[in-house]
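Atoms considered below: every heavy atom in the structure, side chains included; atoms not considered: hydrogens, waters and symmetry mates. Quantities reported herein were computed from a predicted structural model and do not represent experimental measurements.
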Amino acid sequence: MQQYKKSQYKLILVLVGLPARGKTHISYKLNRYLNWIGYKSEIFSIKGAQQNNTQLDQNIDYELEIDPTNQQFAEVRQQLSFTAAQELVSFLQSDGDIALYNGLTSTKLDRQKLKSLFKEKLKLEYQVFWIESICDDPQVILNNINESKLSRFKDQTIEQFMNYINVLAQNYESLENIENLSYIKLINIGKLVKVHMLEGYLCSKIVSFLLNLHANNRQIYLVRSCQTEYHQLDKIGGDPELSITGKQNSQQLGDYFIEELKGNKNITFFTSQMKRGIQTAEIVGDKLGIKALKTKNLDEIDYGICDGLTVKEIAAKYPKQIKERKANPLEFKYPRGESFLDVIHRVEPIIYEIERSREPVLIIAHVAVLKCLYAYYHCNQINEIPNIDIPINCVIKLVPIPYHCLESRVIIK
């Protein structure tokens, strides 16, 4: 079962742009987001096709075409692009929902060939949305080369990559309205955005997500609210206040962040509207001299008729629900309560806020909510969410970087 009702058509997202313009970064983030909200999504690229071909030299970057004057390289690049497109078709013909394509799309002829291939091979209803990334900021291009190219091909230099890109740029053709395509253009990482012929709810949602992306690295801190009387009584849910120990732990959290943030008050700071979340955030915020934005999106999962009961009481009164929960923890909900899928839908606006922020982000919330946020950044399958470990009195520090996320954990004693 998916969180969002699946469209009647399949969706193809085609990336367009010169190398080192952030296409791979955009496709990675989009793919992560789409899988997190419940669609089966996958990336198909020249790089992926090359890595799957054991007969090719993996030290050559056919995606960038190391030697544009070498006809053999050009032919291999064409074949890899075609292979990626064929794999995309097979994915959508089976059980895939959304496919992202990062192959040869830099000229009108390339794009026409791709459209013809989809029309010939896809025996189902589909929609194509084109995403072009344009960048003329030398520093951004340099950063992209360092992050995505030099890390893979250490024997190459920045000057060599710039020369390859300049050769490819000679034949590059940007998307034009005359091509009759539905597209978005992201210019200099979203400083200017152009949208043409936007159709459908899902594409509109994707555009909204893309508008929040940027290339800045920053820290994201996920912290559970501190101990309450319910913890001591083994009760779930409810809206209790912090215990004496919980208030002491909150003071220790504040001391940790004083040292961690080193006086920086430019923090995006969120908490829930539940008493334990507000109290923990107020104690930490007073130490830092900042205030948290309280939002119901971060409230704990709703336990319905079992809210405020102990684990033993639930087992005695609702044994059937306990069995259902063990069988399918992702979709299970107590009567009149929420499932993890409901929580994903509820916290989705927070993901937009985190993606938008260029400053460190601190979120003090509750275990089910934090599991969903954590899963987004670590690309967990949604059925893994209920089993993610989010300890109390622990600061989880995430640093999203291109293509993955760094993590460290500090136990507050």
For Glu348 and Tyr33, test the side chains for any donor-to-acceptor distance below 3.5 angstrom and give the result as yes or no.
yes
Which heavy-atom pair separates Ala84 from Phe44 by the least distance, and what is that distance?
O-CB, 3.6 Å
Spacing of Ile364 atom CD1 and Cys226 atom SG [to the nearest 0.5 Å]
7.5 Å
So does Arg21 get a backbone contact from the side chain of Ser133, meaning a donor-acceptor N/O pair under 3.5 Å?
yes
If we ignore angles and hydrogens, is there a donor and acceptor under 3.5 Å between the side chains of Glu241 and Tyr230?
no
Scan side-chain atoms only and decide if Gln227 and Ser243 contain a donor-acceptor pair under the 3.5 Å cut-off.
yes
Glu260 atom CD: more than 12 heavy-atom contacts under 6.0 Å
yes
Looking only at side chains, do Gln139 and Asn143 share a donor and an acceptor under 3.5 Å apart?
yes
Would you say the side chains of Thr280 and Ser225 form a donor-acceptor pair under 3.5 Å?
no
Donor-acceptor pairs under 3.5 angstrom involving side-chain atoms of residues 186-194: please list them, not counting sequence neighbours.
residue : atom : partner : partner atom : Å
Asn188  : OD1  : Asp136  : N            : 3.0
Asn188  : ND2  : Asp136  : OD1          : 3.0

Any side-chain donor-acceptor pair under 3.5 Å between Tyr352 and Ser357?
no
Hey, can you tell me if Tyr303 and Tyr334 have their rings parallel, tilted or perpendicular (30° and 60° cut-offs)?
tilted
Taking all heavy atoms of Gly200 and all of Ser204, pick out the closest pair and write down the distance.
O-OG, 2.9 Å
Is there a donor-acceptor contact under 3.5 Å from the side chain of Asn144 to the main chain of Ala20?
yes
Heavy atoms, side chains only, cut-off 4.5 Å: are Asn380 and Tyr374 in contact?
yes
Step through the shown structure and confirm whether more than 12 heavy atoms of other residues, nucleotides or ligands are within 6.0 Å of CZ on Arg218.
yes
Using a strict 4.0 Å threshold on nitrogen-to-oxygen distance, state whether Glu338 and Arg346 make a salt bridge.
yes
When every non-hydrogen atom of Tyr377 is compared with those of Glu355, the smallest separation belongs to OH-OE2, 3.9 Å
Tell me, with the steps shown, if Glu353 and Arg356 meet side-chain contact (heavy atoms from CB on, under 4.5 Å).
CA-CA 5 Å; Glu353 292 297 329; Arg356 181 183 297 128; 2.7 Å; yes
Please determine whether a side-chain nitrogen of the Lys or Arg among Asp299 and Lys296 lies less than 4.0 Å from a carboxylate oxygen of the Asp or Glu.
yes
So, the side chain of Arg224 versus the backbone of Ile390: is there a donor-acceptor pair under 3.5 Å, distance only?
yes
Quick one: are the ring centres of Tyr9 and Tyr126 less than 6.0 Å apart?
no
Please lay out, stage by stage, how Leu293 and Thr271 fare under the test side-chain contact (heavy atoms from CB on, under 4.5 Å).
CA-CA 6 Å; Leu293 177 64; Thr271 192; over 6 Å; no
Ignoring hydrogens and geometry, is there a side-chain-to-backbone donor-acceptor pair from Asp302 to Gly337 under 3.5 Å?
no
Under 3.5 Å: donor-acceptor pair, side chain of Lys121, backbone of Phe118:
no
Whether the Ser41 and Asn31 side chains hold a donor-acceptor pair (N or O, under 3.5 Å, no angle test) is what I'd like checked.
yes
How close do Gln279 and Leu242 get, counting heavy atoms only, and between which atoms?
OE1-N, 2.7 Å
Is there a donor-acceptor pair under 3.5 Å between the side chain of Glu384 and the backbone N or O of Gln381?
yes
Side chain Gln252, main chain Ile412, donor-acceptor under 3.5 Å:
no
Trace of the salt bridge (charged side-chain N to carboxylate O under 4.0 Å, His left out) decision for Glu132 with Lys23
CA-CA 8 Å; Glu132 182 175 14; Lys23 301 192 304 299; over 6 Å; no
For Ile244, does the CD1 atom have more than 12 heavy-atom neighbours from other residues, nucleotides or ligands under 6.0 Å away?
no
So, Ser174 and Lys185: side-chain donor and acceptor under 3.5 Å apart, yes or no?
yes
side-chain contact (heavy atoms from CB on, under 4.5 Å) assessment of Val343 paired with Val347:
CA-CA 6 Å; Val343 176; Val347 302; 4.1 Å; yes
Please determine whether a side-chain nitrogen of the Lys or Arg among Lys235 and Glu229 lies less than 4.0 Å from a carboxylate oxygen of the Asp or Glu.
no
Once the angle between the rings of Tyr164 and Phe161 is folded into 0 to 90°, is it parallel (under 30°), tilted (30 to 60°) or perpendicular (over 60°)?
perpendicular
Who pairs with Arg111 by salt bridge (Lys or Arg N to Asp or Glu O under 4.0 Å), at least two apart in sequence or on another chain?
Glu179
If only atom types and distance count, is the side chain of Glu407 paired as donor or acceptor with the main-chain N or O of Leu398 below 3.5 Å?
no
From Asn53 CG over to Gln79 CD, what is the distance, rounded to the nearest 0.5 angstrom?
9.0 Å
Looking at Gly246, is its backbone amide N or carbonyl O close enough to the side chain of Arg276 to form a donor-acceptor pair, meaning the two atoms are under 3.5 Å apart?
no
Report yes if the distance between the aromatic ring centroids of Tyr221 and Phe257 is under 6.0 Å, otherwise no.
yes
Identify the heavy atoms of Phe270 and Ala292 that sit nearest to each other, and give their distance.
C-CB, 4.4 Å
Please report the closest heavy-atom contact between Leu341 and Glu331, naming both atoms and the distance.
CD1-CG, 3.7 Å
Could you tell me whether the side chain of Val369 reaches within less than 4.5 Å of the side chain of Asn297, counting heavy atoms only?
no
State which residues pass side chain to side chain donor-acceptor pair (under 3.5 Å) with Ser272; sequence neighbours excluded, sorted by chain then number.
His366
Between CG on residue Leu175 and OG1 on residue Thr105, distance to nearest 0.5 Å:
8.0 Å
d(Leu13 CG, Asn102 CG) to nearest 0.5 Å is 11.5 Å
Counting only heavy atoms not in Leu124, do more than 12 sit closer than 6.0 Å to its CG atom?
yes
Tell me whether the centres of the aromatic rings in Tyr183 and Phe129 are closer together than 6.0 Å.
no
Closer than 3.5 angstrom, by distance alone: can the side chain of Asn212 be matched with the main-chain N or O of Ser208 as a donor-acceptor pair?
yes
